[in-house]
J.: 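Mind having a look at this structure? Questions to follow.
Lettering follows sequence order; numbering is per chain, from 1. Treat the numbers as computed from the prediction; the structure is a model and nothing was measured.
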Amino acid sequence: GAGVSQTPSNKVTEKGKYVELRCDPISGHTALYWYRQSLGQGPEFLIYFQGTGAADDSGLPNDRFFAVRPEGSVSTLKIQRTERGDSAMYLCASSASGTSADTQYFGPGTRLTVL
Amino acid sequence: DQQVKQNSPSLSVQEGRISILNCDYTNSMFDYFLWYKKYPAEGPTFLISISSIKDKNEDGRFTVFLNKSAKHLSLHIVPSQPGDSAVYFCAATGTSYDKVIFGPGTSLSVIP
């Protein structure tokens, strides 16, 4: 596939459960970003990877949120002890080099619903 | 505190007319500005960008204008087409590897 893919497309879970959201970036892209988008809002930055390392995780709202990219390609966003307020669209994007002027290509997102 | 603002949640324009989407920002350190377009059930897609050293950038029917002194940018679409109906996000970033800050979006409807 040529674009960014995200799985699952929809995830419904119960409050307190653990969830993992997966992102497959465009092949060869070194930079990977996670965003969260609530209804009526724009994407809100969560974390940025350059290769395998988290270059900027300042957007993660609290320590229940964690993300990894162990081999510098696929990334997983992990949310522990989910809360109803975590319900949102989670978007992943990748770019070739990670510079500000570099185009970010977004996946279709994972819609997370916490009941 | 929103650093990137889009004060019009929605805009309706007749096909063939000009669409003007506005964006204001508060952080004077922003150096690069982008517009993304989003259709339902899809992720945002990059549309056009402008560096702070320019005041205008044009790509086909799309033109972005930047007024740094007013901390304001606008996206002009002319002529507007029904396929342009989407949510448009204004975004801004600093130099090098700074994160991108998105505005809340403006939903554009182009009426045939």
J.: Verify the cluster assignment for A:Leu21 and A:Val68: are they in a single hydrophobic cluster under the rule of side-chain heavy atoms below 4.5 Å apart?
T.: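 Shared cluster, no.
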J.: Rounded to the nearest 0.5 Å, what's the gap from CZ on B:Phe46 to CZ on A:Phe106? Could you check?
T.: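 Between B:Phe46 CZ and A:Phe106 CZ, I get 11.5 Å after rounding to 0.5 Å.
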J.: If I compare all heavy atoms of B:Tyr36 with all of A:Thr103, which pair ends up nearest, and what's the gap?
T.: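 The answer is OH-C, 4.5 Å.
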J.: With only heavy atoms counted, which part of B:Gln2 is less than 4.5 Å from chain A, the side chain, the backbone, both or neither?
T.: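 Only the side chain of B:Gln2 comes within 4.5 Å of chain A.
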J.: Closest approach of B:Val100 and A:Phe45, non-hydrogen atoms and distance?
T.: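 Looking at all heavy atoms of both residues, the closest pair is O-CB, 4.3 Å.
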J.: Kindly give the heavy-atom pair with the smallest separation between A:Gln41 and B:Phe89, and that separation in Å.
T.: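 That closest heavy-atom pairing would be O-CE2, 3.9 Å.
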J.: Using a cut-off of 6.0 Å, state whether more than 12 heavy atoms not belonging to A:Leu115 lie near its atom CG.
T.: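 Yes, enclosed.
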J.: Are B:Leu21 and B:Ile50 linked, directly or through other ILVMFWY residues, by side chains that come within less than 4.5 angstrom of each other?
T.: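 B:Leu21 clusters together with B:Ile50.
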J.: Report whether A:Leu112 and A:Ile47 are members of the same hydrophobic cluster (ILVMFWY, side-chain heavy atoms less than 4.5 Å apart, transitive linking).
T.: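 Per the 4.5 Å side-chain linkage, A:Leu112 and A:Ile47 are co-clustered.
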J.: Just wondering, more than 12 heavy atoms not from B:Arg17 lying within 6.0 Å of its CZ?
T.: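 Counting other residues, nucleotides and ligands, CZ of B:Arg17 stays at 12 neighbours or fewer.
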J.: Can A:Leu60 be reached from A:Tyr48 by stepping across I, L, V, M, F, W or Y side chains whose heavy atoms are under 4.5 Å apart?
T.: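 Hydrophobic grouping puts A:Tyr48 apart from A:Leu60.
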J.: Are the side chains of B:Lys99 and A:Tyr33 in contact, using a 4.5 Å heavy-atom criterion?
T.: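 Contact flag for A:Tyr33/B:Lys99 side chains = no.
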J.: Please determine, among A:Ser38, A:Pro43, A:Pro108, the option with the most heavy-atom pairs under 4.5 Å with chain B.
T.: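 Counting heavy-atom pairs under 4.5 Å, the top option is A:Pro43.
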J.: For A:Gln104, is it the side chain, the backbone, both, or neither that has a heavy atom closer than 4.5 Å to a heavy atom of chain B?
T.: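 It is both, since atoms from each part get that close.
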J.: Do the side chains of B:Phe62 and B:Leu34 join up, straight or via other hydrophobic residues, at under 4.5 Å, putting them in one cluster?
T.: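 Different clusters.
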J.: Highest number of heavy-atom pairs under 4.5 Å with chain A: which of B:Gly43, B:Ala41, B:Pro44, B:Gly105?
T.: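 Of the options given, most contacts go to B:Pro44.
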